[in-house]
Amino acid sequence: MSDANTPAVSVVVPVRNEAGNVAPLVAEIAAALAGRAFEIVYVNDGSSDGTEAELVALMRERPYLRQIRHQVSCGQSSAVRSGVAAARAPVCVTLDGDGQNDPAFIPALLNELAAGAPRVGLIAGQRVGRQATGFKKLQSRIANAVRGAVLRDGTRDTGCGLKAFRRDVFLALPFFDGLHRFLPALVRREGYDIGYVDVVDRPRRAGMSNYGMWDRLWVGILDLIGVWWLIRRRNLPRVLEVKRNAD
Ligand SMILES: Nc1nc2c(ncn2[C@@H]2O[C@H](COP(=O)(O)OP(=O)(O)O)[C@@H](O)[C@H]2O)c(=O)[nH]1
Ligand SMILES: [Mg+2]
C-alpha cells in the first residue's frame, strides 16, 4: 500500500510494554493481509520498555505501520479508541499485542463482516482451545457466564482481542474505561447484528500479562451494571428522510 492511498482496513493494536512482541506480530499481520490495502496502527499506551524504539525501527522499513502514543498510560479501552479514531480505513480490526491472537484469522473476520453488511456491525473472535492457565480460564468462564446472563448478548466470549467492525459504528458507542470487554452488547444496542468466528488462541510470546484478577473483577462488576443500564435505557429511532416532491 502506498501512503497516499486510503487503506481498506486498519489493524489497531493496543500495547503497553510489549517489547519483543512487536516485530513478529507486525510480520504476521502483514502476511495475513498481503494483497489488501491495509495499515497497522499501534497504540503505545505509555510503555516504559523498548516498545516505542522497536516500533520506530520497524516503521523505517514498513510504510504501512504507524504508532500513536499516549504520554501516560490510559488503559486498553482508551488505546483502542485512540487507534480507531486515528485509523484511516472504514473497517477496523483489533488484536492484542502480545501474540496471543493469531493474525491468520483476520481475513475470516473481514470476510464475515463484508458478507453480513450492512446488518452486521461487529465480528467477534471467540476463543477455542485456550492457552491460559486453569485459574485464568476459570475466571474468564465465570465472567463470561455472568455477563451473558445479565446482558443476554448471545456471546460466549467477549475477552478475545480479535474483532472486526465498522469504524463509524465503534466511534458512535458511548465511551467508558472498560468498553473493549462489552463490544457485542454495545454494538447490538445500536441496532446491529453480531457475527462470530472461532479463533485458536496462542500463548503470550514474551513479557507478562498487564492484568491481575482484582483489576478486572471490581471494575468488571461496575461496568456490567453500567452496560445493563445503557441497554435498559436504549431508545433507537428508525430515522427516514422524507424525499422532496419532484414537481
Ligand atoms: N494500551 C494498553 N494496552 C494494554 C493495557 N493493558 C493491557 N494492554 C494490552 O492489551 C492486550 C491484552 O493484555 P494482556 O496483558 O495480554 O492481558 P491477558 O491476555 O488477559 O493476560 C495486550 O496487547 C496488552 O499489551 C493498557 O493499560 N493499555
Ligand atoms: Mg494476553
Side-chain angles (χ1 to χ4, degrees), residues 10-29 32 40-55 58 65-87 92-103 105-106 124-144 147 155-164 170 175-183 199-220 223:
S10 297
V11 180
V12 173
V13 189
V15 284
R16 199 180 68 160
N17 296 341
E18 295 291 0
N21 292 327
V22 176
L25 189 63
V26 167
E28 285 181 330
I29 296 170
I40 305 175
V41 182
Y42 263 72
V43 186
N44 177 2
D45 185 43
S47 294
S48 54
D49 65 355
T51 300
E52 176 167 343
E54 288 184 14
L55 280 165
L58 270 181
L65 178 63
R66 301 167 60 198
Q67 173 173 201
I68 307 292
R69 197 166 66 115
H70 288 170
Q71 290 298 89
V72 175
S73 176
C74 275
Q76 193 175 342
S77 288
S78 295
V80 170
R81 188 176 166 83
S82 298
V84 174
C92 294
V93 171
T94 59
L95 79 170
D96 289 353
D98 60 358
Q100 283 196 274
N101 301 139
D102 187 344
F105 291 101
I106 294 176
Q126 306 225 92
R127 295 168 291 190
V128 293
R130 288 194 54 190
Q131 293 292 322
T133 60
F135 183 55
K136 198 159 197 171
K137 262 197 271 195
L138 181 69
Q139 279 175 49
S140 160
R141 210 161 275 165
I142 294 171
N144 272 315
R147 179 195 39 73
T155 304
R156 190 178 79 224
D157 174 26
T158 62
C160 178
L162 254 175
K163 297 198 170 73
F170 178 92
F175 181 74
F176 56 91
D177 192 16
L179 161 121
H180 68 279
R181 298 198 184 95
F182 293 92
L183 285 177
V199 302
V200 182
D201 216 18
R202 306 185 294 194
R204 166 179 268 282
R205 200 184 314 255
M208 277 170 32
S209 171
N210 284 274
Y211 298 107
M213 179 175 92
W214 300 108
D215 308 344
R216 278 194 266 225
L217 183 62
W218 301 122
V219 292
D223 291 348

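Quick caveat: nothing in here was measured; it's all calculated off a predicted structure. Each ligand, and each atom within it, is numbered from 1 in the order the structure gives.
Among all non-hydrogen protein atoms, the one lying nearest atom 17 (O) of ligand 1 is Y211 CD1, 3.4 Å. Looking from atom 14 (P) of ligand 1 to the surrounding protein, the closest heavy atom is R204 NH2, 3.5 Å. What sits closest to atom 15 (O) of ligand 1 on the protein, heavy atoms only, is N210 N, 2.6 Å. At the top of the distance list for atom 19 (O) of ligand 1, counting protein heavy atoms only, stands Q100 OE1, 2.7 Å. For atom 26 (C) of ligand 1, the closest heavy atom belonging to the protein is D45 OD2, 3.3 Å. Considering only non-hydrogen protein atoms, atom 9 (C) of ligand 1 sits nearest to P14 O, 3.6 Å.
A donor and an acceptor atom, one from each side chain of Y42 and E18, are nowhere located under 3.5 Å apart. Between R147 and N144, the side chains place a donor N or O and an acceptor N or O closer than 3.5 Å (distance only, hydrogens not considered). No hydrogens or angles considered: nothing links the side chains of S78 and H70 as a donor-acceptor pair under 3.5 Å. For N21 and D98, the side-chain atoms include no donor-acceptor pair closer than 3.5 Å.
Without hydrogens or angle criteria, R127 side chain to D157 main chain gives no donor-acceptor distance under 3.5 Å. Panel note: side chain N101, backbone L95; no donor-acceptor pair is recorded below 3.5 Å. Side chain of T94 to main chain of L162: no donor-acceptor pair is present (N/O by atom type, distance under 3.5 Å, no hydrogens or angles). In this structure, Q100 contributes its side chain and D201 its backbone to no donor-acceptor pair below 3.5 Å.
If you number the atoms of ligand 1 from 1 as listed, the ones under 4.0 Å from a heavy atom of D98 come out as 16 (O), 19 (O), 23 (O). Close contacts between ligand 1 and S73 involve ligand atoms 27 (O) [criterion: under 4.0 Å to a heavy atom]. Close contacts of ligand 1 with A79, meaning ligand atoms under 4.0 Å from a residue heavy atom, involve 1 (N). Counting the atoms of ligand 1 from 1 in the order shown, those under 4.0 Å from a heavy atom of K136 are 18 (P), 20 (O), 21 (O).
Two residues are said to be in side-chain contact when any heavy atoms from C-beta on lie closer than 4.5 Å; V22 and L58 meet this criterion.
The distance from atom CG of N44 to atom CD of Q71, rounded to the nearest 0.5 Å, is 10.0 Å.
Heavy atoms of E18 found under 4.0 angstrom from ligand 1 belong exclusively to the side chain.
Sorting the N, O or S atoms of D98 by how far they are from the Mg ion (ligand 2) puts OD2 first.
When distances to the Mg ion (ligand 2) are checked against a cut-off of 2.8 Å, S209 contributes no N, O or S atom below that limit.
Heavy atoms only, all atoms of each residue included: A79 and V43 are closest at O-CG2, 3.3 Å.
Taking each of Q139, Q76, H180 in turn, the one with a heavy atom nearest to atom 8 (N) of ligand 1 proves to be Q76.
For ligand 1, the polar-atom distance check finds no N/O of M208 at less than 3.5 Å from any of the ligand's N/O atoms. Of the N or O atoms in G97, one or more lie within a sub-3.5 Å distance of an N or O in ligand 1.
Residue contacts with ligand 1 leave out G161, since none of its heavy atoms falls under 4.0 Å from the ligand.
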